[in-house]
Amino acid sequence: MAIRMRYRPLVLTLFLSLAAAGCSSGSGGGSEGGGKLTVWLAVDAQESWPELVQSTNDRFTKAHPGVKVEVQYQQWPTKNQKLDAVLAGKNVPDVVEMGNSETTNYIVNGAFATVDPARFDQSDAWLPALADACRDKGKTYCVPYYVGARVGVYRTDYFARAGVPDAPKTYPELLSAFDRLKAAYGPEDPNFSALYLPGRYWNAAMAFVKDAGGEIAVKEGDHWKASLSSPKSVAGLTEWKRLIDTYYVGDRAKDNGDQPGVVGQGHVGVFYGNTWEADAAADERSGGDPKLKGKFATFPFPGPSGKLLPPFLGGSTLAVPAKSTRKELAADWIKLFTDRESQKTLIAANTLPNNTTQLAEVAAGGINGPSAQAAATGGWMTPFAPGWTSAEKSNVLPEMLERIANGKASVQDAAREADRRIDEVINER
């Protein structure tokens, strides 16, 4: 998941000044005496797999009679701001869900307790994009929960009319499909995009950077340095810009936040996104059109390199705040919520598991099969740098991409300016 809020130095100072007292005020927190275990989860769990939450709570209370689990659902845009506030006090949640691009700053500043990976199912097969977000200097501070990988999503009826026989498997086949879609629908629909690729959609643009061998930033010794203006990164951005110029019709200053609603209007042949967005495009609640239900299919998106386009592996982890007085109970709840059986429930909900072993359990012919195939490539993540939260909050990537997409700056100049801005904050704690 993307970073939403910056972990503010003022809050950190206050938190660290209280941490010693908070950490020493309780033991591991056994179930003796009952009490309450407070769990913060993002609303995704409430909306998409409430049965998993309930079954985990039932199993937990059976193992720890008298302990009540209170699950509090959080919205992504405000979650970190609320967490920063409570970490500055003593009354903290015992389990918190974190996006895998959100963890580093909290870990390096001592906000989370260590956990023993051996305690959790399939920890030896955790997906690197999740596991690496939980580790620092040989210690583990959170537990992988689930992951998502973007793929190509297309209108099957549009492909049929345009004479595209199958989902593209190579980059030349992909471009040929775009050309056919454009020729079939462009003349009669001036708003038609063979490929929906809005300018500020940075997860898509950075996938092309990664495919070309570039990086957002690289670690040199103990410091991070931005790398968007390197020759390989520029090559990836240049190809991304070519696709926009050739196949995208629309506002280049947009991001992908309303992608399902836009796709649901019927002017898009292919988009690059999460598989759940196909269902959302046919759902009135997302601005979609119910008449489109059943008209979408997915495919692993090929990249210019000849390999699959490396997807951003956005997902979630579960951490125990260092000032929780019920750390052992918290770890027990997380163990149940992420074990093999729980991961099967997530798979049934069209969500990818936290480990490579169970990726094989995702039905290859189902809508999420291509996502599992894409995730198996390893994908990519934003830099695990202490100041990346600040860089992402400043919108440096969307602003760079908008300048390129609208022709306000060359790829090289926009990337060089983005590097300068990232370098200013990326090593901040």
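Computed over heavy atoms, backbone and side chain alike; hydrogens, waters and symmetry mates excluded.
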Exercise for the section: Check the pair D332 / R326 against salt bridge (Lys or Arg N to Asp or Glu O under 4.0 Å), numbers first and verdict last. Expected result: CA-CA 10 Å; D332 282 351; R326 316 213 84 179; over 6 Å; no

Practice task
Decide, yes or no, whether a salt bridge links E424 with K225 under the criterion of side-chain N to carboxylate O below 4.0 Å.
Solution key: no

Exercise for the section: State plainly whether the residues E215 and K210 are in salt-bridge range, i.e. N to O under 4.0 Å. Expected result: yes

Exercise for the section: Determine whether T298 and Y154 make a side-chain contact, defined as any pair of heavy atoms from C-beta on separated by less than 4.5 Å. Expected result: no

Problem - Partner of F178 by ring-ring contact (aromatic ring centres under 6.0 Å, His included), out of Y248, Y247, F192, F159 - result: Y247

Kindly list each side-chain donor-acceptor pair under 3.5 angstrom involving residues 162-170, sequence neighbours excluded, with atom names and distances?
| from | atom 1 | to | atom 2 | distance (Å) |
| --- | --- | --- | --- | --- |
| T170 | OG1 | E173 | N | 3.2 |

Problem - Nearest non-hydrogen partners of F299 and V153, listed with the distance - result: CE2-N, 4.2 Å

Practice task
Please confirm whether Y272 and Y196 have ring centers closer than 6.0 angstrom.
Solution key: no

Exercise for the section: May I ask you to check whether Y201 and W240 place their ring centres under 6.0 Å from each other? Expected result: no

Exercise for the section: Quickly, which of E97, Q46, K82, K79 forms a side chain to side chain donor-acceptor pair (under 3.5 Å) with Q74? Name it, please. Expected result: K82

Exercise for the section: Please determine, by modelled atom types, if Y106 and D84 share a side-chain donor-acceptor pair under 3.5 angstrom. Expected result: yes

Problem - Aromatic ring pairing W49/Y145, orientation class (parallel under 30°, perpendicular over 60°, tilted between) - result: perpendicular

Handout entry: Geometric class of the Y171/F208 ring pair [parallel <30°, tilted 30-60°, perpendicular >60°]
Key = perpendicular

Problem - Main-chain N/O of F112 paired with K323 side-chain donor or acceptor, under 3.5 Å - result: no

Handout entry: Student check: side-chain heavy atoms of V71 and W40 closer than 4.5 Å
Key = no

Exercise for the section: Step by step, work out the side chain to side chain donor-acceptor pair (under 3.5 Å) result for Q343 and Q358. Expected result: CA-CA 8 Å; Q343 294 297 308; Q358 287 185 280; 5.9 Å; no

Problem - Salt bridge R155-D157, side-chain N to carboxylate O under 4.0 Å - result: yes

Handout entry: Test item: side-chain donor near acceptor, N256 and W202, under 3.5 Å
Key = no

Practice task
Look at the side chain of D419 and the backbone N and O of A414, then say whether any donor-acceptor pair between them is shorter than 3.5 Å.
Solution key: no

Exercise for the section: Report the residues that fulfil side chain to side chain donor-acceptor pair (under 3.5 Å) with E220, sequence neighbours left out, ordered by chain and then residue number. Expected result: none

Handout entry: Partners meeting salt bridge (Lys or Arg N to Asp or Glu O under 4.0 Å) with D121 (sequence neighbours left out)
Key = R340

Problem - Ion pair check, D339 and R59, cut-off under 4.0 Å - result: yes

Exercise for the section: Check whether any side-chain heavy atom of T351 lies under 4.5 Å from a side-chain heavy atom of I347, and answer yes or no. Expected result: no

Problem - Sidechain N-carboxylate O distance under 4.0 Å for D413, R416 - result: yes

Handout entry: Salt-bridge present (D245, K241; N to O < 4.0 Å)
Key = yes

Problem - Close aromatic pair by centroid cut-off 6.0 Å: W388 and F384 - result: no

